[in-house]
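Beneath this line is the structure, given in structure tokens, with notes to follow.
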There are 2 protein chains.
Amino acid sequence: MKIGQATIKDIARELNVSSSTVSRALKDYPGISDETKRKVKEVAEKLNYRPNAIALSLRKSRSFTIGVIIPEVVHFFFSTVISGIEEVAYSRGYNVILTQTNEKLTREKSSIETMLSNQIDGFLVSYSKETTDFEHFSKLLDQGYPIVFFDRVPDIPKAINVMVDDYQGAYDAVTHLIQQGYQRIAHLAGPRNLTISQERERGYRDALTNHGISIDPKMIVECPIGTDDESQKITRELYEKSSVKPDAFFANNDMAAVGAMLACKALGMKVPEEVGIVGFSNWQFCSMIDPSLSSVAQPGFNMGAKATEILLDIIEKKVDPEKINLPVTLDTELLIRKSSVRSHS
Amino acid sequence: MKIGQATIKDIARELNVSSSTVSRALKDYPGISDETKRKVKEVAEKLNYRPNAIALSLRKSRSFTIGVIIPEVVHFFFSTVISGIEEVAYSRGYNVILTQTNEKLTREKSSIETMLSNQIDGFLVSYSKETTDFEHFSKLLDQGYPIVFFDRVPDIPKAINVMVDDYQGAYDAVTHLIQQGYQRIAHLAGPRNLTISQERERGYRDALTNHGISIDPKMIVECPIGTDDESQKITRELYEKSSVKPDAFFANNDMAAVGAMLACKALGMKVPEEVGIVGFSNWQFCSMIDPSLSSVAQPGFNMGAKATEILLDIIEKKVDPEKINLPVTLDTELLIRKSSVRSHS
DNA sequence: TTGTATGCGTTATCAG
DNA sequence: CTGATAACGCATACAA
């Protein structure tokens, strides 16, 4: 009827035994008669007994809950990561508490506080765009809290970082464009304070350099927001106000790539014949647009899964945090579609 | 140093007072000297005291945590809903525990069990495609657990349902197609056991009927999975194997709409000149594809926010569940883009 | 094989 | 104004 859930005591009373006996019987402790076990389990079933995880947490100082701090839930890549996290956590019997920071540092901090209050066993975090100081994380690490960072990872001592090989992904993408005969490849860069943006830019630069193409700073434009509108505007300006005339774009993300594509089309240029485009992330829509968008696929699900596995291994002391090969890097995969392939050079 | 968090007892010991005094001082109870309060707070600060939410939960039988059960995280609409949920929960001081069912009934049930074990204060659920029997929910409702269903809602007593006006959204979409001069409008329907699919189909039917167009059962095809591949195949078959030749599609979701669009293009038909297409959900990619896809926008964020507000109001007894006007329906908005607009009939 | 006592961190109740 | 005690549900060291 009402909410009063049955407890161990209720079972004990019903059977005229002590609650410790019930506790032990329920967990198949050695040294409890089969007869008692049977009866206890029977009554437990009858009363619809369900262990109180809160009481357990208090007792064990373990909540079997991990906290996930993420910039935005409504983001294809992050939602994919969450899915991987949830999957592994579920299979290993852990709960997932989720908060999004909306890219706000204050919210990042307050979420950490709340989660600490709730005695979570560990953190999985991808920090906000506002976060430039990592003191609040360092402190936790120093205190011995298990944290695994993913995707957006800080460069601080003891941090365990799981990331994709952004550098290689970018390098591959730009090399591909070069091989397709594109000569003046622009880069729509991401927010400069994020390591991932820096790595992708580095991959872009090295690919050009290693293929004997000199780097033109005007060809590198930052798209701090990352929407298609923004990059559409930036792309238009690149052609109209500047002397550079890119014949290809390597974008820091797919939205920016789509913006560039739309802008180029609007300016009367043909993709991929006149302009080649490659994005980053491989969002769902890549295969649905026309021409379909080549993109560097990030293994979001795997990243979430891997980060969670490491975190849980640390929590359960199956592994020594000091002994993990860092950083953990996952391979990207360049998916070549129509937007970057010229039938003939 | 190590994990041992400071507790009320630590503060009490440090000041040679009792823990009850500390507890009261921290909460600004009347009847504690300002002097004591000051000192307690000072030490609390110094020791970096943080209340143990788990102990509080045990004491109060309230966890300030709500459980969200959702089919898939990696889904634009659902991720939007989660965002709304998280936003409201955060602002009202609640945690969000998240699980995805991957459309599996067994997982739905086991997630409920886990959450009950964790003494969550209430549920927000959108059930799985496999769920046809709602006994597990009815039982909870009968026991007085607060549950608010959203999007995929069951037709059972006491259920509090938050949904979009799928009927009206579909009706508007089909009416729009008719007004654009399309005559043979097909419907790519969703899984039949979901109310939302039924409602959308009903809207489709009524729109046709009310505009004097008779309904051809062959024009209604179920797309149980909902991927673009599936609907691409189905669309092709519609033209090749069947005698019906639709000149428009109203799809149960955007992925299916894209599939239809791709299939039509592949068959050499022009969109929107020869075939009009309208989707449902207004995923991000709608504005990015060519031609841009008209779609019925669902207020996902608002749905999550609204559902959470209702749930928390019930939990905090600010509102009597019996007195809520049901169902709670949110308006859709038809976003007309290029895929359904003929310059001239 | 089972029972008793204690404690996890907090607060409500009752005394003083 | 403050302290002692019990209780939330459970697990375990120690006794029997």
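Chain letters run A, B, ... following the sequence lines, proteins first and then strands; every chain starts at 1.
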Q | Atom pair distance, as rounded to whole Å: CG in A:Leu26 and C1' in D:dC10 | A | 11 Å

Q | Euclidean distance, atom CD1 of residue A:Ile8 to atom P of D:dC8 [Å, nearest integer] | A | 13 Å

Q: State the CG-CD distance between B:Asn52 and A:Gln119, to the nearest 0.5 angstrom.
A: 3.5 Å

Q: Flag the pair B:Arg107 and A:Glu87 as a salt bridge only when some basic side-chain nitrogen lies within less than 4.0 angstrom of an acidic carboxylate oxygen.
A: yes

Q.
With a 4.0 Å limit, can you tell me whether B:Tyr29 has a side-chain N or O closer than that to the phosphate oxygens OP1/OP2 of C:dA12?
A. yes

Q. Separation of B:Asp28 atom CG from C:dT11 atom P, in whole Å?
A. 13 Å

Q: Run the salt-bridge test on B:Asp121 and B:Lys60 with the 4.0 Å N-O cut-off and return the result as yes or no.
A: no

(Q) For B:Glu42, is there an ion pair with B:Arg38 - N to carboxylate O distance below 4.0 angstrom? (A) yes

Q.
According to salt bridge (charged side-chain N to carboxylate O under 4.0 Å, His left out), who are the partners of B:Arg152, at least two apart in sequence or on a separate chain?
A. B:Glu103

Q) Would you find a donor on one side and an acceptor on the other, under 3.5 Å apart, between the side chain of B:Asn118 and the backbone of B:Ile120? A) no

Q: For the residue pair A:Tyr94 and A:Phe64, categorise the inter-ring angle as parallel (less than 30°), tilted (30 to 60°) or perpendicular (more than 60°).
A: tilted

Might you list the N or O atoms of the protein lying below 3.5 Å from N or O atoms in nucleotides 3-5 of chain D, with each pair's distance?
unit_1	atom_1	unit_2	atom_2	d
D:dG3	OP2	B:Ser18	N	3.0
D:dG3	OP2	B:Ser18	OG	3.2
D:dG3	OP2	B:Thr21	OG1	2.3
D:dG3	N7	B:Arg24	NH2	2.6
D:dG3	O6	B:Arg24	NH1	2.9
D:dG3	O6	B:Arg24	NH2	2.9
D:dA4	N7	B:Ser20	OG	3.3
D:dA4	N6	B:Ser20	OG	3.2

Q | Donor-acceptor side-chain pairing of B:Tyr90 and A:Ser111 below 3.5 angstrom | A | no

Q: Only pairs at least two apart or in different chains count here, so list each side-chain hydrogen bond (donor to acceptor under 3.5 Å, both in side chains) that has a residue in residues 153-164 of chain B.
A: none

Q.
Side chains of B:Ile324 and B:Asp313, heavy atoms from C-beta outward: is any pair under 4.5 Å?
A. no

Q. Within this structure, what is the CD-to-C1' distance between B:Gln119 and C:dT10, rounded to whole angstrom?
A. 16 Å

Q. C:dT11 P sits how many Å from A:Ile54 CD1, rounded?
A. 15 Å

**Q.** N/O (side chain, A:Lys9) to phosphate O (OP1/OP2, D:dC10) under 4.0 Å
**A.** no

Q: Examine the side chains of A:Glu108 and A:Thr131 and answer whether a donor and an acceptor come within less than 3.5 Å of each other.
A: yes

Q. Does a nitrogen or oxygen in the side chain of B:Ser23 sit under 4.0 Å from OP1 or OP2 of C:dT10?
A. no

Q | Spacing of A:Ser19 atom OG and A:Ile8 atom CD1 [to the nearest 0.5 Å] | A | 7.0 Å

Q: Kindly calculate the angle separating the two end axes of the helix from C:dT1-D:dA16 to C:dG16-D:dC1, each obtained from five base pairs, and round it to 10 degrees.
A: 50°

Q: Describe, in one word, how the ring planes of B:Phe149 and B:Phe137 are oriented to each other, choosing from parallel (under 30°), tilted (30 to 60°) and perpendicular (over 60°).
A: perpendicular

Q) Considering only heavy atoms, which members of residues 55-65 of chain B lie under 4.0 Å from some atom of DNA chain D? A) B:Leu58, B:Arg59

Q) Is a salt bridge present between A:Asp142 and A:Lys139, judged by a nitrogen-to-oxygen distance below 4.0 Å? A) no

Q: Scan residues 35-53 of chain B against DNA chain D and write down, sorted by residue number, each residue with any heavy atom closer than 4.0 Å; if none is found, say none.
A: B:Thr36

Q.
Rounded to whole Å, please give me the gap between NZ in A:Lys27 and C1' in C:dT1.
A. 19 Å

Q) Between D:dA11 atom C1' and A:Ile11 atom CD1, what is the distance in whole Å? A) 14 Å

